[in-house]
Amino acid sequence: MIAVYYPLFTSCSDPATPTAGKEPVQVEVDWSGYEKSTPSGMTILFHHQETGKKTQVIDNNVTRLTPRLSPGRHWATAFNLTENEFDNIRFSGFDTAETARAYAAEHPGSKWYDTPAGADGYVASQPEWLAVDTILTNPVEPHSTTLSPEMTVAGTLHPRNIIHTLHLTIHIGNIGNLRAARGAISGLAAGRRLSADRPDDNTVTVTHLIEPDNWTDRPASSPSDTSGFIRTEIRCFGLPSNHSGTPGENRLELQTLLADGKTVKRYDIPVGHLINRPDTPPGCRGDDLDLFLEVSLQAALPPVSGSGGNGSIDVWFDDWDDHIDFNMPI
């Protein structure tokens with residue numbers, strides 16, 4: 001992807017150009033806590049603390065900016081890249097610092113998954129990595145000096161990753177009879193408030209699909225060992241901020257295609273009480289946003305009958321049929 005950045009106000013291209021009622025300041029940005037990669041560009045939103053007036057800056061200099069801002073203090077929110085450079089993330093609410101929000105774009109759909117009727121949410125795409133930070137700048141003083149090595153530093157932003165990774169492991173009996181798997185997990189946060197630095201609450205939850213080619217597997221280690229597991233990872237905005245850890249808040253729908261290439265079994269499992277978050281210090285973000293979900297299917301797959309069962313994931317089909325439902329007890 002080729003990134004093109006357009007300065008949104010005069011001081012981006014020529015900070016020395018006078019702007020009525022605004023003063024030149026310097027804003028530093030430190031990406032060392034991002035832990036993913038150095039971005040090729042960034043966006044910073046400034047909102048005046050008293051008037052709410054917004055100044056939006058886009059630049060490919062990711063270490064510092066020299067904007068001209070109105071006297072007073074400003075809420076400054078930085079994130080990597082620009083609004084239009086994300087395929088699976090959308091932004092809204094940029095008019096105020098309090099409402100600025102990033103959220104998962106709607107998934108174009110998969111013909112095998114039917115969204116539950118009346119569901120207060122939607123199927124979401126997996127978001128790209130997104131790093132964000134918000135600070136309240138130092139006061140911008142009127143009649144500050146022109147550009148110089150001693151220019152006033154209004155503050156330093158430290159963007160860090162806000163995207164969670166859910167690590168899902170499913171233990172399966174008679175895994176040699178598994179040809180492929182697909183699934184969906186519901187009840188995750190739709191997005192995140194940028195300045196508040198917290199996920200949305202669960203008034204709108206999202207479902208993430210897990211397509212067959214997203215799984216890795218570990219088949220039975222020996223003919224006498226019939227158990228194994230499949231694993232996958234899902235990028236998301238995490239659990240809703242008011243998630244209380246009850247079983248029904250998140251549900252895992254797992255569909256397994258057996259080795260005969262035609263029989264499908266579907267499991268509907270409440271998992272809201274099984275999603276674990278590691279204990280991390282307050283304010284710690286970055287790669288510490290991992291979530292873990294480990295499930296054991298209480299009903300094993302049928303033993304392998306006939307030929308073709310080797311426990312590997314081999315996807316070549318478009319539709320599955322003849323599914324059998326299993327409701328797992330809580």
Side-chain angles (χ1 to χ4, degrees), residues 1-8 29 31 33-45 56-62 77-95 99-115 119 121-134 157 159-168 182-195 197-200 204-216 232-240 285-287 289-291 315 318:
M1 177 183 295
I2 299 175
V4 180
Y5 299 92
Y6 296 95
L8 297 187
V29 186
W31 296 92
Y34 181 28
E35 300 178 341
K36 300 302 178 185
S37 62
T38 301
S40 56
M42 65 179 177
T43 300
I44 302 185
L45 302 170
Q56 183 169 341
V57 185
I58 297 173
D59 207 319
N60 58 1
N61 181 346
V62 296
T77 300
F79 60 89
N80 54 304
L81 303 179
T82 67
E83 299 172 65
N84 297 324
E85 289 182 277
F86 292 93
D87 293 327
N88 299 328
I89 296 177
R90 302 290 180 264
F91 296 88
S92 65
F94 280 1
D95 287 341
T99 58
R101 174 177 178 259
Y103 61 96
E106 188 168 357
H107 191 278
S110 186
K111 60 183 178 180
W112 64 266
Y113 182 78
D114 294 325
T115 304
Y122 61 96
V123 177
S125 298
Q126 291 194 42
E128 299 93 339
W129 298 120
L130 176 63
V132 177
D133 192 25
T134 298
L157 289 141
R160 294 188 179 185
N161 172 48
I162 65 169
I163 300 301
H164 293 66
T165 301
L166 173 62
H167 304 268
L168 172 59
R182 63 192 181 193
I185 183 164
S186 64
L188 300 175
R192 194 179 186 95
R193 299 286 180 177
L194 301 186
S195 63
D197 193 23
R198 66 173 181 82
D200 291 340
V204 177
T205 59
V206 300
T207 297
H208 284 286
L209 302 184
I210 314 167
E211 302 290 357
D213 56 355
N214 293 136
W215 298 95
T216 59
T232 192
E233 294 182 349
I234 305 161
R235 286 195 311 275
C236 61
F237 279 96
L239 297 172
R285 293 189 285 143
D287 286 342
L289 290 178
D290 286 356
L291 302 170
V315 183
D318 293 322

Could you tell me if the side chain of [Y] sits less than 4.5 Å from the side chain of [X], heavy atoms only?
{"X": "Leu168", "Y": "Ile185", "value": "no"}
{"X": "Trp215", "Y": "Ile210", "value": "yes"}
{"X": "Tyr103", "Y": "Ile89", "value": "no"}
{"X": "Leu81", "Y": "Ser40", "value": "yes"}

**Message:** Holding to side-chain hydrogen bond (donor to acceptor under 3.5 Å, both in side chains), I want the full list of residues that pass it with Thr77, two or more places apart in sequence or in another chain.
**Reply:** Thr134

Okay, side chain of [X], backbone of [Y]: is any donor-acceptor separation there less than 3.5 Å?
{"X": "Asp200", "Y": "Ala189", "answer": "no"}
{"X": "Arg101", "Y": "Ser92", "answer": "no"}
{"X": "Gln126", "Y": "Ile234", "answer": "no"}

Drop me the distance from [X]'s [atom1] to [Y]'s [atom2], to the nearest 0.5 angstrom.
{"X": "Arg198", "Y": "Arg192", "atom1": "CZ", "atom2": "CZ", "answer": "9.5 Å"}
{"X": "His167", "Y": "Glu233", "atom1": "NE2", "atom2": "CD", "answer": "5.0 Å"}
{"X": "Thr43", "Y": "Asn84", "atom1": "OG1", "atom2": "CG", "answer": "9.0 Å"}
{"X": "Ile44", "Y": "Asp133", "atom1": "CD1", "atom2": "CG", "answer": "10.0 Å"}
{"X": "Leu289", "Y": "Ile163", "atom1": "CG", "atom2": "CD1", "answer": "8.5 Å"}
{"X": "Ile58", "Y": "Met42", "atom1": "CD1", "atom2": "CE", "answer": "11.0 Å"}

[X] to [Y] - nearest heavy-atom pair and separation:
{"X": "Tyr113", "Y": "Ala184", "answer": "CE1-CB, 3.5 Å"}
{"X": "Thr205", "Y": "Gly187", "answer": "CB-CA, 3.8 Å"}
{"X": "Asn80", "Y": "Pro39", "answer": "CB-CB, 3.8 Å"}
{"X": "Gly238", "Y": "Leu291", "answer": "CA-CD1, 4.1 Å"}
{"X": "Asn88", "Y": "Glu128", "answer": "N-OE2, 3.1 Å"}
{"X": "Val62", "Y": "Val29", "answer": "O-CB, 3.5 Å"}

**Message:** Under the criterion side chain to side chain contact (heavy atoms under 4.5 Å, CB included), I'd like the reasoning laid out for Thr165 against Trp129: C-alpha separation, chi angles, the key distance, then a yes or no.
**Reply:** CA-CA 10 Å; Thr165 301; Trp129 298 120; 3.4 Å; yes

**Request:** For the pair Leu209 and Asn214, evaluate side chain to side chain contact (heavy atoms under 4.5 Å, CB included) and give the outcome as yes or no after the intermediate values.
**Result:** CA-CA 10 Å; Leu209 302 184; Asn214 293 136; over 6 Å; no

**Complete:** Taken in chain and number order and not counting sequence neighbours, the residues that satisfy ring pair (Phe, Tyr, Trp, His ring centres under 6.0 Å) with Phe91 are Phe79, Phe86, Phe94

**Prompt:** Quick one: side chain to side chain contact (heavy atoms under 4.5 Å, CB included) partners of Ala124, sequence neighbours excluded?
**Reply:** Ala104, Tyr122, Val206, His208

